[in-house]
Structures are given as structure tokens and as C-alpha cells.
Amino acid sequence: MTKNPTWISDWRPEDEAFWNATGKTIARRNLIWSIVAEHIGFSVWLIWSIVTTKLPQAGFHYSTDQLFQLIAVPGLIGALMRFPYTFAVTTFGGRNWTIFSAAILFIPTLSLAYFVSQPDTPFWLMLLVASTAGLGGGNFASSMTNISFFFPDRMKGWALGLNAAGGNIGVSSVQLLTPILMTLAVFNLFQATPVDGIFLQNAGLMWVLPIAIAVFGAVFFMNNLTTAKSSVKNQLAIVKRKHTWIMAYLYIGTFGSFIGYSAAFPLLIKTQFPQITIAIAFLGPLVGSLSRPLGGWLADKIGGSVITFWNFMVMAGATVGVLYFVGQKDFIGFLSMFLILFVTTGIGNGSTYRMIPSIFREENLFKVRGKGDAARALALKTASIESGAAVGFIGAIGAVGGYLIPTGFGKSIALTGGPQLALAIYLGFYASCLGLTWWFYLRRGPQGEGASSLAEARV
């Protein structure tokens, strides 16, 4: 094997000797650069969560509902992008697709830099520009699908959790750094005129160099796996699997909440607590990102379904707390409850993602019980292909929360003057997720029932 071949044909992560000799080093290198590219993708995806809060003072006359739409549309486009991105890895190769998906991020960043300096831009055109930020949302699906092939099953919870956290924390990066870097003229080479001391163009220009670094890293340090090649038809088999759709629903509750709340949080603070600086908004996605590997680790130790069940319980309680404190106009209480909510979205992200490969492994092994080692080996390979596709597909549906939650807040404020109606609907949704988790993954029914075997396997 050459030191860093573009394509690797011999890949056996479950073989401990192979893993310790060569597999571990290659897998970790690919994981590192996958995290870099995905981190920037998330940052670009959520740029508008900060930019929208500054548009009114830059001379843009958009309504509150329209501002929430500018936040929500990238979430919808990002979710839609995840479908083709999921299958791109097994078609084009993980390295090749990472190069493309990172390079294409120049479109949303440079177009943002131009149009935010044009206050006469009509809303429909600004909505179109904002929608291109959704390209950054697609990166997660291809990145997670790719990394799932590199690691042995016993380490997938940790590896996927780390990969996802590294990406998710890009949300916190963009919300922490953008307000600071928008005050520096150096990014636009001192060519622009600031509005109220802010260079709004910097929100896009600040990512140009990081994107170039991500492309460079993917070109020189990542690999494609021939063992990860599969036809789209074989992968689409997951669409017919019941558990694909159940887990997608649960993932709207965990990741959909994370990305939706992350996008809406700065503008929600600005509308409900105008005296508070939005600079504090980065704390939410930060704690949500940092808690994601914890969710994966706990799921590896205890079982993904158990962690997911109790996590939805705490999510529901924190939502009740947010509802109470936003009504009382108590910012400290509101922030505390929201931070707990963000932590639970992270833990739930990790635990639900750990459930996916476990469910597909148990389902495929169940079909070949008593049929010998050859059938078992084929079942495990099928499970790997299917869970890789399911990880991306479920991630795509879950990302719809990035559109639904900001839209819900915008409509709720427009109709009732506050976000309480939206929060009540989200609370009902978490209750339904709780019921589904118990019914399909924790309930021990009569022998032979699907729920029985999955509960015993502690998926």
C-alpha cells in the first residue's frame, strides 16, 4: 500500500490486526480533515442567523417574519441538499466529494459579501442569496456517511459523535466570531464603508481562507474507499425500511431542534429581550455541540435507545421551562432553560446516531440466524452499506428542523406577538418522540416481535 493512495481497495476495520497496523492512522487522518470541512460547512450554513440581526441597521427594511424566513430557508435547502450528498460518497468517493462540497462554499460566502452592501436589494433576491448558504448544510450528510465506512462498529458511536460535534460547533464559531470580525476593516482590504461601525460584508469574506484550507486538506490528506462503493439503487433499499422513517422522525426532534434553535436563537433574543446583546447567542450551539460526543459515548456504554428516551424527557421539561420564563420576561431563566435544551439536543444527536448502525446490524443479522458464517459476513456488509446510507438520509430529514423551527417562531410572533404557541407545538412533538422511542426500541413484547429483539440488543 502506498503512503496515501487516492483510492484504498483493502479496507478491513473489523480486522483488529489490520486496524492496529494501518487502519487506525488512515481513519483518524480522514476524520480530522472531514471535521475541518464539515465545521466550515456548518459555519456557512448558519451565517444568516447573525447577518439578519444586523440588516435593519444596515438599511434593509424587512419585517420580523421576513427576517426569520432569511434564517429558515438555508435550513430547508441544507436539508434538501443532504439527500444527493448522502449518495454522493458511494458514487464519487469520500475524498473527491469533500473537495467539491468544500469548494462550492465560495458561492454563498462571496454572494453574501456583495449583496449585504446593497440596501436596495429586494427581499426575493436576498432570500435567493440566503438559500445558497444551504449548500453548507449538505456537507454533514456526506461527511457522516463517509466516516461511517472508516471505523469499526465498536468505535462508530465515538467517531460519528466526534465528526458531528466538530461540524456542529461551526454554528457556535460563526455566532461567536462574526459579530467580532464584522468590526474589522482588514477583511475587505479597507475598501468598504462601515455602517454603524460594522462591515457586514465580512460575514462572508471571513470564510474564504478557511474554505481554501479545507479544499487543500481534502486534496492531499483524504482517501476514497472502494469498499464504500455502492449503487444508488442498493442504498435506496433503506427507504423501504420502517426504522429509517422512525429514526428520521426522532432525529427531527434531536438534530432538527439543535439546528433550528441555533438558527433562531440570536433573532429570538433580539425580539424578546432587545436590551440583551446577541453576542451571547453562541453559548447555545456551543454546549449543544460539546455534548454530542457525550451522547455517543453514553449510547456506546448504556444503549442508544435508553439515552434517547430519557433525553426526550429532559427536552420536554426544558421546553416547559423556556415557555414559563419567556412569558415572565426573565432572561436569566430563559437562557438557563434554553442552554439545558441545547445540551439535550446534543446528547440526543449522539445517541440517535449511535442507534442507526445498531438497528441495521441487528435487523440484518436477525434474517440470517442459523445460516452460517458466510451469510453472517454478507449480512454485516449489507448492514454497513445500509446504515451508511441511512445515516445520511435520516440526517437529511432531521435537518428540516432548521426550517420548521425558525419559521414556527416567525409565524407565532406574527400571529400572537410571542413565541409561546410555537414552543407549545414543539413540546407536543417531543412527547410523540418519547412514545415512539419506547414503543419500538425499549418495549419488550412477546418473543418474535421486532421491538423485542431490538430492546434485547440495547440498540
Side-chain angles (χ1 to χ4, degrees), residues 37-55 60 62 64-85 101-102 104-116 121-143 167-175 177-178 200-201 203-207 211 252 255-268 270 278 281-282 284-285 288-289 395-411:
E38 194 195 334
H39 179 93
I40 295 165
F42 263 93
S43 299
V44 171
W45 193 17
L46 270 290
I47 279 179
W48 288 86
S49 67
I50 291 296
V51 171
T52 50
T53 65
K54 306 293 184 184
L55 288 177
F60 292 87
Y62 302 147
T64 299
D65 192 25
Q66 285 177 323
L67 292 176
F68 272 108
Q69 283 300 307
L70 288 173
I71 296 170
V73 166
L76 178 62
I77 300 301
L80 295 174
M81 286 284 95
R82 288 183 172 201
F83 290 104
Y85 274 52
S101 60
I104 204 172
L105 298 180
F106 285 119
I107 294 173
T109 50
L110 294 176
S111 60
L112 181 150
Y114 174 76
F115 282 101
V116 294
T121 303
F123 176 70
W124 68 266
L125 181 55
M126 195 62 94
L127 198 63
L128 183 63
V129 172
S131 71
T132 64
L135 292 168
N139 287 17
F140 179 83
S142 54
S143 180
N168 291 173
I169 210 166
V171 180
S172 189
S173 294
V174 77
Q175 293 184 349
L177 296 175
T178 307
L200 207 49
Q201 304 91 322
L205 296 174
M206 62 188 272
W207 297 106
I211 292 169
I252 294 174
F255 179 76
S257 294
F258 170 79
I259 201 67
Y261 290 138
S262 294
F265 201 38
L267 193 55
L268 190 63
K270 191 170 180 66
I278 59 154
F282 82 95
S289 302
I397 294 177
V400 171
Y403 174 75
L404 297 176
I405 286 179
T407 300
F409 280 136
K411 299 300 179 193

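- Counting only heavy atoms from C-beta outward, the side chains of V44 and L135 never approach each other to under 4.5 Å.
- Here the CG-OG distance, from N168 to S262, works out to 8.0 Å after rounding to the nearest 0.5 Å.
- Here CZ of F68 is found 15.5 Å from CH2 of W48. Values are rounded to the nearest 0.5 Å.
- With contacts defined as side-chain heavy-atom distances shorter than 4.5 Å, the pair L205/T109 does not qualify.
- A distance of 6.0 Å separates CD of Q175 from CG of L46, quoted to the nearest 0.5 Å.
- Expressed to the nearest 0.5 Å, how far NZ of K270 lies from CG of L67 amounts to 10.0 Å.
- Taking the six-membered ring for Trp and the full ring otherwise, F140 and F255 have centroids separated by under 6.0 Å.
- Looking at S43, its side chain never comes within 3.5 Å of a backbone N or O of V174 through a donor-acceptor pair.
- If you take CG on L268 and OG on S49, they are separated by 12.5 Å, rounding to the nearest 0.5 Å.
- One distance of note links CE of M126 with OG1 of T52; it measures 11.0 Å at 0.5 Å rounding.
- A donor-acceptor pair is defined here as one N or O able to donate and one able to accept, closer than 3.5 Å; no such pair exists between the side chain of T407 and the backbone of L404.
- You'll find the side chain of Q201 stays beyond 4.5 Å of the side chain of Y114, heavy atoms only.
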May I have the list of side-chain donor-acceptor pairs in residues 70-85 shorter than 3.5 Å, sequence neighbours left out?
{"from": "R82", "atom 1": "NE", "to": "G137", "atom 2": "O", "distance (Å)": "2.8"}
{"from": "R82", "atom 1": "NH1", "to": "G395", "atom 2": "O", "distance (Å)": "2.8"}

